[in-house]
Structure formats: C-alpha cells, structure tokens
Amino acid sequence: MLLLVDLDGVVYRGSEPIAGIAGLLARRAAAGDEVVYVTNNSMWYRAEYVARLASMGAPVSADRVVSSPRATALYLREIDPGLVRVLALGAAGLGRELADVGFSVVMAGEAAERVVREGLDRFEASGRPGAVVVGLDPELSWERLAVAASSIRAGARFVATNRDPIYPTERGLMPGSGAVVAAVEAASGVSPVSIGKPAPLLLEEAARAVGSRAADAVMIGDGILTDLPAARAVGARCIVMLTGVTSRAEAEALQGTEAPDAIAADAAELEAVLARWRAAS
C-alpha cells in the first residue's frame, strides 16, 4: 500500500510530534507499505525534513519527501527548460529546492535590501527574473512584497508553492503561504499557477518517486480543503485526521463524493483503518 502522508497537523504540529504517528508509520513500512511524505509547507529543505522525521522514529529518506517547493522546482524545470533566474519570496528551504534543479535564485529579501541600499528599480534588483515563486515567508515585509509584485508586473511568470491560508503550529493556527500569495496576487493583479494541494501535481510527483500511480495511494491528511480534494483529483482514497486543522463536525458534515473514505482522531484509529483496508485488499 502506498501511503502519502501530510506532515503539519498529521505527523507533528509545530515542533511537537503527534503521539503514536511516527511509530505507526515505521510499523507500516516494516510490513511493506511505501511511505512518502507530501507537504505544502514551503519553508524547509528536504534534508531538514529527513533529520526531523528520523529523530521522531519515522521511516524516511530524502527521496521520500516531496514538498511543494520541490514539486514547484520540478514543474518549472519541465515547462520552461530555458528558464534561468527565479525570484523566491519565501524561506531558505524554497530557495535551496529551486537551486537544486539548476536555477539561479534571488531571494526576495536580498532584492529588497538592494532596493533600499542601492536605490535600484525593483525588477533590476531582483535580477530580471523569468519567474517569481511565492511561499511562506515568516519575515515578510512591504519591500519583499513590492519586489515580487513588481517583477510579476514586468512579465515574470507567477507560481505559488501552495495556497494554504493557515499553518498549524503548537501555538495555534498561523498565516500560511496562501496569505502571502494572496497579497502578491492583489498587488500584482496576476493570478498564479498553484502547485501544492489541492492541485494534483504534488501527489503525482510523490507517487512517481516510488514508481507508483497516485490513484493507487492512500492520502493521510488533516485538511478537507487541501488533502481531501487533492486525493479526489488523482482518484486516491483519503483518511482525514482530526489532529490538525479539521474538526470532527467539519469532516462528518461532508457528504457523497466530497466525504473522506475514513476519519481518524488519533494514531490508534488510523492504524485500525489501515489494517482493515490491507485485510480487504
């Protein structure tokens, strides 16, 4: 069984692991299941996810982590082989994933500093990029927003890692990448292509990483506006976890084809669902 596992709100919440999930995934991997992590979070580099997940006891390797920045980088390289320079509005992990596939990356923070220090035109300060990629930037400023919007208005392609409006942490729900994307969209007047869930590309890339079809997977996520519709878009089953952004009432209110295939409140309920499905296969 191929398990596509969301991270924030499923495996952990902020810096806190969610009880029992890492151990459950380790047991599933030992029993022969393929475990691939799929996350809309655009802030971290794959190596950072590997270290974090391994410290929790979850089964992981770099090729089993497919984040929205990784999928975005692969998407841009595929659709525009001639693209050279990319402006990244986001955290360092986004820039590293873009650089990994060969792009010359300018971070919006660097461009903003050049505007202030050298008085440059914002598009010039950004290196005249062919594309602007926007993710979650915890240090977002007016000038960073301005260099991104100015570059898009100058003709750069606008790509969003994802449009999650909120980001679950151990301290509650915080603004997500979608909040930053919405600001750039409003400032530039241009709507982006969005790569992360609920779009199907992230799940398709994750399944491809292990030579499988996304339609054969089980998506394990906490978002009924992201994980669930992404699973439906590729024809996969979906288990909605109540450990993140979705309440039981919200999950149970969904009807017909919009309803998840199962709901689990914790690791024990998730394990029971997976065991039942494996026995039936």
Side-chain angles (χ1 to χ4, degrees), residues 1-13 17-41 49 53 56-61 63-68 70-71 162 164 168 196-246 248 250-252 254-281:
M1 189 182 299
L2 170 59
L3 306 180
L4 301 181
V5 184
D6 186 30
L7 290 175
D8 293 295
V10 174
V11 180
Y12 47 71
R13 192 178 180 106
I18 292 173
I21 296 294
L24 164 59
L25 295 175
R27 290 191 295 276
R28 299 305 308 188
D33 287 349
E34 299 277 15
V35 178
V36 182
Y37 302 95
V38 289
T39 176
N40 271 1
N41 193 318
Y49 285 116
L53 289 165
M56 296 177 182
V60 65
S61 59
D63 63 326
R64 302 301 178 94
V65 178
V66 182
S67 65
S68 63
R70 174 65 175 170
N162 70 89
D164 275 2
K197 301 168 289 185
L201 184 61
L202 189 59
L203 303 194
E204 291 169 350
E205 192 62 46
R208 193 176 299 121
V210 292
S212 297
R213 298 188 319 137
D216 297 329
V218 174
M219 177 70 220
I220 303 171
D222 67 316
I224 59 175
L225 298 180
T226 52
D227 302 305
L228 179 55
R232 291 291 176 261
V234 299
R237 290 179 289 180
C238 182
I239 302 171
V240 169
M241 299 295 296
L242 305 182
T243 48
V245 299
T246 299
R248 182 175 293 278
E250 290 170 331
E252 291 181 344
L254 298 171
Q255 300 294 319
T257 58
E258 294 185 352
D261 298 280
I263 299 169
D266 53 27
E269 289 190 8
L270 174 60
E271 189 160 26
V273 172
L274 292 174
R276 187 167 66 247
W277 287 0
R278 175 175 274 281
S281 63

> Quick one: does Val36's side chain get under 4.5 Å of Val5's, heavy atoms only?
Replying inline: no
>> Nearest 0.5 angstrom please: Arg278 CZ to Met1 CE, how far?
In response: 5.5 Å
> Is Met219 close to Val38 at the side-chain level, that is, under 4.5 Å between some pair of heavy atoms?
Replying inline: yes
> With no hydrogens and no angle check, is any side-chain donor or acceptor of Thr39 less than 3.5 Å from a backbone partner on Asp6?
Replying inline: no
> Have Ser61 and Asp63 got a donor and an acceptor in their side chains that come within less than 3.5 Å?
Replying inline: yes
>> For a quick test of reading the model, state the closest non-hydrogen atom pair linking Ala230 to Ala199 and the distance between them.
In response: CB-O, 4.0 Å
> At what distance, to the nearest 0.5 angstrom, does CD1 of Ile18 lie from CG of Asp266?
Replying inline: 10.5 Å
>> Working note: Met56 + Val11, criterion side-chain contact (heavy atoms from CB on, under 4.5 Å); need CA distance, chi angles, decisive distance, verdict.
In response: CA-CA 9 Å; Met56 296 177 182; Val11 180; 4.2 Å; yes
>> Using modelled atom types and a 3.5 Å cut-off, is there a donor and acceptor pairing between side-chain atoms of Glu269 and backbone atoms of Ala265?
In response: yes
>> Between Ile239 and Trp277, is there a side-chain heavy-atom distance shorter than 4.5 Å?
In response: yes
> So which heavy atom on Val273 is nearest to which on Ala262, and how close?
Replying inline: CG1-CB, 3.8 Å
> Are Arg232 and Asp227 close enough, and set up right, to give a salt bridge (charged side-chain N to carboxylate O under 4.0 Å, His left out), and what steps lead you there?
Replying inline: CA-CA 9 Å; Arg232 291 291 176 261; Asp227 302 305; over 6 Å; no
>> Measuring only between side-chain heavy atoms, which start at C-beta, is Arg13 closer than 4.5 Å to Asp8?
In response: no
> Heavy atoms, side chains only, cut-off 4.5 Å: are Met241 and Ile21 in contact?
Replying inline: yes
> Considering all heavy atoms of both residues, which atom of Ala214 and which atom of Ala207 are nearest to each other, and what is their separation?
Replying inline: N-CB, 3.4 Å
> Is Ser68 reaching over with its side chain to a backbone N or O of Asn40, donor-acceptor style, under 3.5 angstrom?
Replying inline: yes
>> One pair to check against salt bridge (charged side-chain N to carboxylate O under 4.0 Å, His left out): Arg70 and Glu205. What are the steps and the verdict?
In response: CA-CA 9 Å; Arg70 174 65 175 170; Glu205 192 62 46; over 6 Å; no
>> One pair to check against salt bridge (charged side-chain N to carboxylate O under 4.0 Å, His left out): Asp33 and Arg28. What are the steps and the verdict?
In response: CA-CA 5 Å; Asp33 287 349; Arg28 299 305 308 188; 2.7 Å; yes
>> Between Leu254 and Pro260, is there a side-chain heavy-atom distance shorter than 4.5 Å?
In response: yes
> What are the two closest non-hydrogen atoms of Ser67 and Asn41, and how far apart are they?
Replying inline: CB-O, 4.1 Å
> Out of curiosity, Leu4 CG to Asp216 CG, how far, rounded to the nearest 0.5 Å?
Replying inline: 10.5 Å
>> With side-chain contact (heavy atoms from CB on, under 4.5 Å) as the criterion, how do Leu270 and Val10 come out once you've worked through the C-alpha distance, each side chain's angles and the decisive distance to 0.1 Å?
In response: CA-CA 11 Å; Leu270 174 60; Val10 174; 5.7 Å; no
> Does the side chain of Leu242 come within less than 4.5 Å of Ile263's, by heavy atoms?
Replying inline: yes
>> Quick check: closest heavy atoms across Gly223 and Pro229, and the distance to 0.1 Å?
In response: O-CD, 4.4 Å
>> Can you tell me how far apart CG (Leu225) and CG (Asp164) are? Round to the nearest 0.5 Å.
In response: 9.0 Å
> To the nearest 0.5 Å, what is the distance between OH (Tyr49) and CG (Leu7)?
Replying inline: 6.5 Å
>> Tell me if the CD atom of Glu250 is crowded by more than 12 foreign heavy atoms within 6.0 Å.
In response: yes
> Just by modelled atom types, is the Val245 backbone N or O under 3.5 Å from a matching donor or acceptor in the Asp222 side chain?
Replying inline: yes
>> To the closest 0.5 Å, what do you measure between OH (Tyr37) and CD1 (Ile220)?
In response: 9.5 Å
> What pair of heavy atoms forms the shortest contact from Leu2 to Arg213, and how long is it?
Replying inline: CD2-O, 4.2 Å
